[in-house]
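Right, one structure below, let's go through it.
No experiment lies behind these values; they were computed from the predicted model shown. Heavy-atom basis, side chains included; hydrogens, waters and symmetry copies ignored. Residue numbering restarts at 1 for every chain, and letters A, B, ... go by the order of the sequence lines.
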Amino acid sequence: MTPTDMTHAAPVWNGDVAKARVLQTELAARVRLEDDYPPLRRVAGVDVGFEDGGTVTRAAAVLLDARTLAPLAEVVARQPTRMPYIPGLLSFRELPALLQALSELPESPDLVFVDGQGIAHPRRLGIAAHLGVVTGLPTIGVAKSILVGTHEDVGPHRGDRQPLEHKGEVIGCVLRSKDRVRPLIVSPGHRVSMATAPELVLAFNTTYRLPEPTRLADRLASRRGSVRR
DNA sequence: GCGACAG
DNA sequence: ATCTTGTCGC
């Protein structure tokens with residue numbers, strides 16, 4: 001699939017919450033949780049921010065060298081905001097702009113780190129899983145807080161973790177990425193297993209709380225990032 | 001019916 | 001997410 005084809009897979013918000021939920025359940029059935037990603041050469045981080053009081057959705061995609069973590073390309077896509085934030089339906093609000101940003105990267109990534117839940121979602125289709133299913137790309141969801149699920153207390157050191165459970169199923173893991181800092185909520189998005197997801201997050205995590213792909217996309221989406229020269 | 005609730 | 005400066009802690 002060529003990058004430009006991806007925008008055609010964007011979910012369409014028609015104001016019908018019930019219909020959106022049915023679509024999520026259908027798409028969730030297409031999520032693959034077996035490890036099935038190529039040797040990692042380039043990885044991407046994507047995130048969304050808002051401008052002008054929320055009227056403009058700003059999506060950022062950063063491509064980095066998987067070996068050195070050096071940024072290879074950065075893209076920002078802007079679109080008018082079409083719907084409000086509704087817990088559980090985040091992908092309908094943010095995916096259109098995110099797909100546009102991803103499609104404008106010069107090369108396709110081997111893995112995408114998405115800011116939000118993977119399958120750790122009421123219907124097992126958080127934005128990372130949704131993005132994976134519509135693009136076919138391997139994805140991992142890295143969220144800063146929980147949408148659904150419960151867990152035991154997590155140890156204080158980097159690498160400590162606890163399974164996140166919901167309705168009798170393990171849907172992700174609560175992972176401490178840095179000593180004594182609030183843990184991250186990690187869950188597979190697509191073509192990545194439950195066991196591998198947290199390992200990949202740690203592998204791409206350096207001295208900050210967030211893994212590098214996510215951290216760079218975050219800064220770009222939120223207008224921060226000191227591009228001082 | 002009463003909360004909780006990714007970003 | 002966003003509105004927003006300095007400040008407490010490692």
[X] near the nucleic acid: base, sugar-phosphate alone, or nothing, with a heavy-atom cut-off under 4.0 Å?
{"X": "Gly54(A)", "answer": "nothing"}
{"X": "Leu89(A)", "answer": "base"}
{"X": "Tyr85(A)", "answer": "base"}

Do the side chain of [X] and the main chain of [Y] share a donor and acceptor less than 3.5 angstrom apart?
{"X": "Arg123(A)", "Y": "Leu23(A)", "value": "no"}
{"X": "Arg30(A)", "Y": "Leu27(A)", "value": "no"}
{"X": "Arg93(A)", "Y": "Met83(A)", "value": "yes"}
{"X": "Asn205(A)", "Y": "Tyr208(A)", "value": "yes"}
{"X": "Thr57(A)", "Y": "Ala97(A)", "value": "no"}
{"X": "Arg58(A)", "Y": "Leu220(A)", "value": "yes"}
{"X": "Asp160(A)", "Y": "Val154(A)", "value": "no"}
{"X": "Thr55(A)", "Y": "Asp52(A)", "value": "yes"}
{"X": "Arg176(A)", "Y": "Gly155(A)", "value": "yes"}

**Request:** With sequence neighbours excluded, tell me which residues meet side-chain hydrogen bond (donor to acceptor under 3.5 Å, both in side chains) with Glu74(A).
**Result:**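 So Glu74(A) forms no side-chain hydrogen bond (donor to acceptor under 3.5 Å, both in side chains) with any residue.
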
**Request:** Check side-chain hydrogen bond (donor to acceptor under 3.5 Å, both in side chains) between Thr196(A) and all other residues, then give those that pass, not counting sequence neighbours.
**Result:**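 Partners of Thr196(A) by the side-chain hydrogen bond (donor to acceptor under 3.5 Å, both in side chains) criterion, ordered by chain and then number, come out as Asp35(A), Ser193(A).
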
**Message:** Please enumerate all residues that pass side chain to side chain contact (heavy atoms under 4.5 Å, CB included) together with Asp36(A), with sequence neighbours excluded.
**Reply:**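 Partners of Asp36(A) under the side chain to side chain contact (heavy atoms under 4.5 Å, CB included) test: Arg191(A).
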
**Request:** Quick one: list whatever passes side chain to side chain contact (heavy atoms under 4.5 Å, CB included) with Ala120(A), sequence neighbours left out.
**Result:**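 So Ala120(A) forms a side chain to side chain contact (heavy atoms under 4.5 Å, CB included) with Gln117(A), Leu164(A), Ile171(A), Ser187(A).
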
**Request:** Give me the residues of residues 168-195 of chain A where at least one heavy atom lies under 4.0 Å from an atom of DNA chain B, by number, or none.
**Result:**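 Close to the strand, none.
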
**Message:** Does anything in residues 140-163 of chain A come within less than 4.0 Å of DNA chain B? Heavy atoms only, and list the residues if so.
**Reply:**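 Contacting residues: Ala143(A), Lys144(A), Ser145(A), Ile146(A), Leu147(A).
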
Lys/Arg-Asp/Glu bridge criterion (N-O < 4.0 Å) met for [X], [Y]:
{"X": "Glu199(A)", "Y": "Arg161(A)", "value": "yes"}
{"X": "Arg32(A)", "Y": "Glu34(A)", "value": "yes"}
{"X": "Lys144(A)", "Y": "Asp115(A)", "value": "yes"}

**Covered region of DNA chain B, 5' end to 3' end, by chain A [heavy atoms, under 4.0 Å]** =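 From 5' to 3', the first and last contacting nucleotides are dC5(B) to dG7(B).
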
**Asked** 5' to 3' on DNA chain C, which nucleotides open and close the contacts with chain A (atom under 4.0 Å from a heavy atom)?
**Response**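 First-to-last contact on DNA chain C, by the 4.0 Å heavy-atom rule, is dA1(C) to dC10(C).
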
**Prompt:** Given pairs defined as Watson-Crick or G-U wobble with both distances under 3.5 Å, what dot-bracket annotation applies to DNA chain B, with ( ) intrastrand, [ ] crossing, | other strand and . unpaired?
**Reply:** .......

**Request:** Please list, chain by chain and in numerical order, all residues satisfying ring-ring contact (aromatic ring centres under 6.0 Å, His included) with Tyr37(A), sequence neighbours excluded.
**Result:**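 Tyr37(A): no ring-ring contact (aromatic ring centres under 6.0 Å, His included) contacts found.
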
**Item:** Consecutive-pair stems (at least three Watson-Crick or G-U pairs, under 3.5 Å) that include DNA chain C
**Value:**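 As far as DNA chain C goes, consecutive pairing (with distances under 3.5 Å) yields no stem.
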
**Message:** Taking transitive links into account, so neighbours of neighbours count too, which hydrophobic residues share a cluster with Val181(A) at under 4.5 Å side-chain distance?
**Reply:**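 Answer for Val181(A): none, a lone residue.
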
